[in-house]
Asker: 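I have a structure here, written as structure tokens, and I will follow up with some questions on it.
We number each residue from 1, following the sequence as shown. What you see is a predicted model; the values in this text were computed from it and never measured. All ligand and atom numbering here is 1-based and tracks the order in the structure.
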Amino acid sequence: MQRLSRCAWARVAASLPCRHAGESRSMHVPSMREITSIENIAVIGGGSIGSLLSGRIAAVSRMRDRVWLLTGSSEHASAVKAVRGIVVKEEGTVGTKTMMGQVRVAESLSEVEDLKRESQSLYGFGKPSIVFIAVKQAGLRKAAEQAARVLSGSHGSLCIAVMNGVGHMEVIHKALRYHDVSTTLIQGIYSGGAYMMEPGVVAHAGRGTLDVCEYGSIDTVSSSLLEQAVQLLNDSGIPTQICQDILQRTWRKVCVNASINALTTILGEKNGFLLENEESCELIRDIAKEGFQVACAVLEREKGADSQELREFVEEGWVGLLVACLWQNSDVGRAEQETCANLAMNVARDTCKNTSSMLADVWNFMPGSDRLYNSFSQQMLKGRITEIEAINGMIVNEGLKHGIATPVNLTLLRLIRCMEKRNQQNSP
Ligand SMILES: CC(C)(CO)[C@@H](O)C(=O)[O-]
């Protein structure tokens, strides 16, 4: 077999599949006692994923009171302050387990500064080692700015973004560079689901895996801190793994969200409804098929690999989306296309009781509707647009660039845009 060039190898390395923390021989894996570098953790975004992350991490005893949640909702903040924490309801097959994470809450950057000062005087350190960004696309720019400010002055830190859709990492990267922040930016993709039950209470419904991957090092590459973060998240009950094939995972998740979020929003039903009839299952397959075809074109463009190189990856034994791209009309291609659709159906099954995040957005700003998600979210999300542009919109746009027709995603995009417009016009 022809040898790969150095640059081709770099691309192969970037495509290696996931490994769990601890599987690597070259990277040092810290023991529990060695986890000393994680000082404080700040979570930006008090929605379901931000509340889940902060609540579960704070429930791990050593992080008690050292997890800060920055939320724009005063109702959520008051509820968290009242009980000095977030209640996490862990929904399982045999019932619901309730736990409390002692989270400190802030409603503004100046309140985060107070928390920094308090931490400095109590523990001798005042900066966050990790900042999570867990907001919807509509809150992205503000959150990126907040992350840059919260991280300013800290060195060797991590900024981990856990969001739906595509395009947000570039925005966060830009904001961090603009403010000259020394941090390592990590992209996180969570395949599970969560929803807010009421202010201060989050339900973890549909457990998944958090895949994390370095997006770009602004300054110091903090691989040991990343390994520690992964261990902490695993200890917190959020199964987390470091992976290199984030682009593939991103597009698989886009296919999942493109199917579940748009369809549940138009149908006004919870995720599980999609599995109850063959028509919606067929739609999921159509959406995933278009998403898969677009993903293939994007992956080939991003990886910059020509077909010969891709074939060599296969000979090296690497299988996955890139490989499937080569033989879209072969069994390998069809299998990956099925994987995208099956993934969406599995997530819909695992999160069957969830109101998808997009449906929550649309319901919440429907004045006078009797199908409001709940009053808390109504207040929290009022006037927000949905994430449709970063999900189905991304499939349509990339499809246009690569000459791939995406009629199903385009129809969904247009329908959701109509719903957004109607709600905005009806808003007081
Ligand atoms: C996994 C998911 C579809 C569950 O509702 C979630 O990503 C959402 O709602 O956006």
Asker: Taking atom CZ of R141 as the centre, report whether more than 12 heavy atoms of other residues, nucleotides or ligands fall under 6.0 Å from it.
Answerer: no
Asker: To which protein heavy atom is atom 4 (C) of ligand 1 closest, and what is the distance rounded to 0.1 Å?
Answerer: N271 ND2, 3.5 Å
Asker: Quick one: side chains of residues 408-415, donor-acceptor pairs under 3.5 Å with protein atoms, not counting sequence neighbours, listed by atom name and distance.
Answerer:
unit_1	atom_1	unit_2	atom_2	d
N409	OD1	N392	ND2	3.0
N409	ND2	E290	OE1	2.8
T411	OG1	P407	O	2.7

Asker: Out of curiosity, is G206 lining ligand 1, as in a heavy atom under 4.0 Å away?
Answerer: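 Checking ligand 1 against G206, which is what was asked, there is no heavy-atom contact under 4.0 Å.
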Asker: For ligand 1, which atoms, with element, lie under 4.0 Å from some heavy atom of S357?
Answerer: 8 (C), 9 (O), 10 (O)
Asker: If you define the side chain from C-beta out and look only at heavy atoms, does anything of R349 sit under 4.5 Å from N346?
Answerer: yes
Asker: Relative to the heavy atoms of K253, which atoms of ligand 1 are at a distance of less than 4.0 Å?
Answerer: 1 (C), 7 (O)
Asker: What are the atoms of ligand 1, with element, lying closer than 4.0 Å to any heavy atom of S356?
Answerer: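 Those qualifying, in numeric order: 5 (O), 9 (O).
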Asker: Can S110 and S108 be counted as having a side-chain donor-acceptor contact under 3.5 angstrom?
Answerer: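 Side-chain D/A pair, S110 to S108: present.
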Asker: Going by distance only, is there an N or O of N261 that falls short of 3.5 Å from an N or O of ligand 1?
Answerer: yes
Asker: Any heavy atom of E387 closer to ligand 1 than 4.0 angstrom?
Answerer: no
Asker: Pull out every atom of ligand 1 sitting under 4.0 Å from any heavy atom of N354, numbered as shown with elements.
Answerer: 4 (C), 5 (O)
Asker: Considering the heavy atoms of G192, write down every atom of ligand 1 situated less than 4.0 Å from one of them.
Answerer: 1 (C)
Asker: Tell me, with the steps shown, if L233 and L53 meet side chain to side chain contact (heavy atoms under 4.5 Å, CB included).
Answerer: CA-CA 8 Å; L233 284 156; L53 285 171; 4.0 Å; yes
Asker: Within a strict 4.5 Å, meaning less than it, do heavy atoms of the L69 and H76 side chains meet?
Answerer: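 Yes - at least one pair of side-chain heavy atoms lies under 4.5 Å apart.
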Asker: Answer with side chain, backbone, both or neither: which part of V256 has a heavy atom less than 4.0 angstrom from an atom of ligand 1?
Answerer: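 For V256, there is no contact with ligand 1 at all, from either part.
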Asker: Can you tell if the side chain of L400 reaches within under 4.5 Å of the side chain of T406, non-hydrogen atoms only?
Answerer: no
Asker: Considering the heavy atoms of N257, write down every atom of ligand 1 situated less than 4.0 Å from one of them.
Answerer: 3 (C), 6 (C), 7 (O), 8 (C), 10 (O)
Asker: Where is the tightest heavy-atom contact between N261 and T265, given as atom of each residue plus distance?
Answerer: O-OG1, 2.5 Å
Asker: Just jot down the ligand 1 atoms closer than 4.0 angstrom to any heavy atom of V347, in number order.
Answerer: 1 (C)
